[in-house]
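Single-structure report; data block below.
Below, each value reflects all heavy atoms present in this structure, side chains not excepted, and no hydrogens, waters or symmetry copies. We count residues from 1, following the sequence as given.
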Amino acid sequence: MTDTRHTPQPSGRAQHLHPFAATPGRWVAEHARALHTGHVRDDTCTAECEPVLVYERTRWGWLAWTISGDGSRPDLPYQIAILTPSATPTQRLALRWLTRRPTRRIRLPPGIPASLRLTAVTVAFLSLVTGILALAKGTPVGVALPAIALAPLLAERLPTTLDARAREHVRTVEGAGACRYLQRLAALHTCLIQAAAGSDRHELHRSAEIGRQLLWDAADLLQRQDTHSASCELIARERLMLQLTDQVAHILRQAPAQAGPDNADQAHKPRWTPGTRPTTQPAPQHTHASPLKGALAMPEPKTAARTSAVHLLFAHEPYYPGPGTREINTTVVAADTLLHPQVLQPDGIRIHDLLTRGRQPGEIIPLATLTHELNDGADWPTVGDWERVTVDLVHLVQTQMCDALSLGLPEVARALICTGPDSQVRAFDAAAQKFAVHGPDERAKVLTEVGRFLTGLTAEQPFWPGDGLLPPHSA
């Protein structure tokens, strides 16, 4: 599994690569305790030897690390557990219960393949002494004897029952491949948690919530399948987590610049959820586009040069990519995605030709701009069925057959990109009890903001348009 995108928060990703990265003294203490009180795995150990585990609790679950005899710190957890995202306080107590220190057991005489908990033996002794004292004080035998017998049984069986109940709210993963994947996902999620902890911005907290759900889904998947059979779904989740961290890093970089009077423009800024990219085909390697700009200029004549380093922005019927996610009503794809064989052809090729002629590299061209250029839509029949093409594009995005930026634009912002570059949108301002007019300037701001998000995602590699693309229009 490879991915070339990186977020500029090394502290979060470095966490969980070694046990107790934030408090290394804790690992030293745990190692010393294990050397004195427990069996430490070494070269003489057999397959039956139980490893000594040290639990590192987190806000989302725990990582269990093994202790080696040479004192080195492991870089891969033996076990990772994820707590349900909607955990109640009682369920969080279950997390602490499951990560308690292991109970010491007393082996029975040779020939008896069993052992007893030290706590059960202790309770049996105390209950016997208490029962004898109770009988001496006149307690009926029918009451004292059952209590003496049941107390050790309860001490032996109750922890096992509580363990089973607590594990209903936890997904536990073991094995090198599964733990290595979930460790990377947990490190990315730590970045989201750290960003949301010091901010009251909804976008940051929502990203952390989505990341937590991704962790839970991945752990649940790994508990039911191996990494090979679930590789496609795991890759999609990791890429989504990477895009979330890219989005959060971009928001944090923008925060100082937006602290001034520009906050008045927040109403027009898009809220987005990122698309996903499968790994069946790496992204094409070509020169990265310059910073993105709103596409407000008319195209050059048909003889103008073509550049495919542009993006198509179009609105569509809203949908929800998953439980608890925001509405997606607008999408941005690479221009070459129009050449995908699963897009209505030759309509997609013709729209691609119109989209890429006379543009500047890095432009975002709304579909409404093409409509404006086509005599306000009157000439669309000579080009193609744009409605069918956009439906096919949304299908490609939802089935992860291309890269995309999925947006949940506010009503006014969505209306602006659905109109021509010189049009106006009138919206009723309930607070002021009057209509507000939004024109080309506000439309340009929306496109610029979308461009900023897109630049953050394509900073290291352009959007992948899909596989098996058809050749563009040759004219």
Side-chain angles (χ1 to χ4, degrees), residues 12 15-40 50-67 73-74 76-105 115-123 151-152 154-175 178-179 182-183 185-190 192-194 196-197 205 208-209 211-220 222-223:
Q15 191 169 351
H16 305 321
L17 297 182
H18 293 287
F20 303 101
T23 55
R26 172 76 183 279
W27 173 254
V28 175
E30 292 289 348
H31 186 269
R33 183 185 63 82
L35 290 176
H36 288 90
T37 62
H39 170 75
V40 177
E50 291 290 336
V52 176
L53 298 180
V54 176
Y55 293 95
E56 180 180 358
R57 285 192 292 266
T58 67
R59 296 176 61 180
W60 43 261
W62 75 72
L63 300 98
W65 306 89
T66 56
I67 293 183
R73 294 199 301 170
L76 182 67
Y78 176 84
Q79 179 189 89
I80 300 180
I82 309 298
L83 181 66
T84 176
S86 56
T88 63
T90 302
Q91 292 167 350
R92 291 189 177 278
L93 289 176
L95 184 69
R96 302 189 71 87
W97 169 261
L98 290 172
T99 55
R100 70 193 186 277
R101 291 182 178 178
T103 303
R104 296 183 63 182
R105 305 190 72 89
S115 62
L116 294 176
R117 295 177 184 269
L118 177 61
T119 53
V121 175
T122 303
V123 169
L154 187 63
E156 178 67 28
R157 299 296 182 184
L158 183 60
T160 304
T161 303
L162 292 177
D163 284 349
R165 293 291 300 274
R167 291 188 186 281
E168 294 176 0
H169 313 293
V170 176
R171 297 292 179 264
T172 306
V173 172
E174 295 182 0
C179 285
L182 210 56
Q183 183 185 23
L185 217 60
L188 291 169
H189 180 52
T190 300
L192 303 181
I193 293 176
Q194 291 173 346
H205 288 275
E209 292 173 5
R212 178 70 175 275
Q213 187 64 50
L214 285 173
L215 269 181
W216 172 259
D217 292 342
D220 184 66
L222 287 168
Q223 206 173 45

Requested in this report: Please name the pair of heavy atoms, one in Ala64 and one in Leu53, separated by the smallest distance, quoted to 0.1 Å.
Outcome: CB-CD1, 4.3 Å
Report task. Could you tell me which non-hydrogen atom of Cys179 sits nearest to which non-hydrogen atom of Leu76, and how far apart they are? Result -> C-CD1, 4.0 Å
Query raised in the report: With a 4.5 Å heavy-atom cut-off, do Trp60 and Ile80 have their side chains touching?
Result: yes
Query raised in the report: Going from CD on Gln213 to OG on Ser86, what distance comes out if it is rounded to the nearest 0.5 angstrom?
Result: 8.0 Å
Report summary line: Residues at least two apart in sequence or cross-chain that pass ring pair (Phe, Tyr, Trp, His ring centres under 6.0 Å) with Trp216, listed by chain then number, are none
**Report entry** CG-CD distance between Leu188 and Gln183, expressed to the nearest 0.5 angstrom
**Finding:** 11.0 Å
Query - For Leu192 against Gly211, the heavy-atom pair lying closest together - result: CD1-CA, 4.1 Å
With a cut-off of 3.5 Å and sequence neighbours excluded, list every side-chain donor-acceptor pair involving residues 166-175.
unit_1 : atom_1 : unit_2 : atom_2 : d
His169 : ND1    : Gln91  : NE2    : 3.2
Arg171 : NE     : Asp220 : OD1    : 3.0
Arg171 : NH1    : Glu168 : O      : 3.4
Glu174 : OE2    : Gln79  : NE2    : 2.7

Query raised in the report: Is there side-chain contact between Arg59 and Thr190, with at least one heavy-atom pair below 4.5 Å?
Result: no
Query raised in the report: Does Thr84 use its side chain to pair, donor to acceptor, with the backbone of Ala87 at less than 3.5 Å?
Result: no
Report summary line: When every non-hydrogen atom of Ala208 is compared with those of Ala196, the smallest separation belongs to CB-CB, 4.2 Å
Query raised in the report: What closest approach, in Å, do Leu222 and Ala178 show between heavy atoms, and which atom pair accounts for it?
Result: CD1-O, 3.8 Å
Report summary line: Between the NE2 atom in His189 and the OG1 atom in Thr58, the distance rounded to the nearest 0.5 Å is 8.0 Å
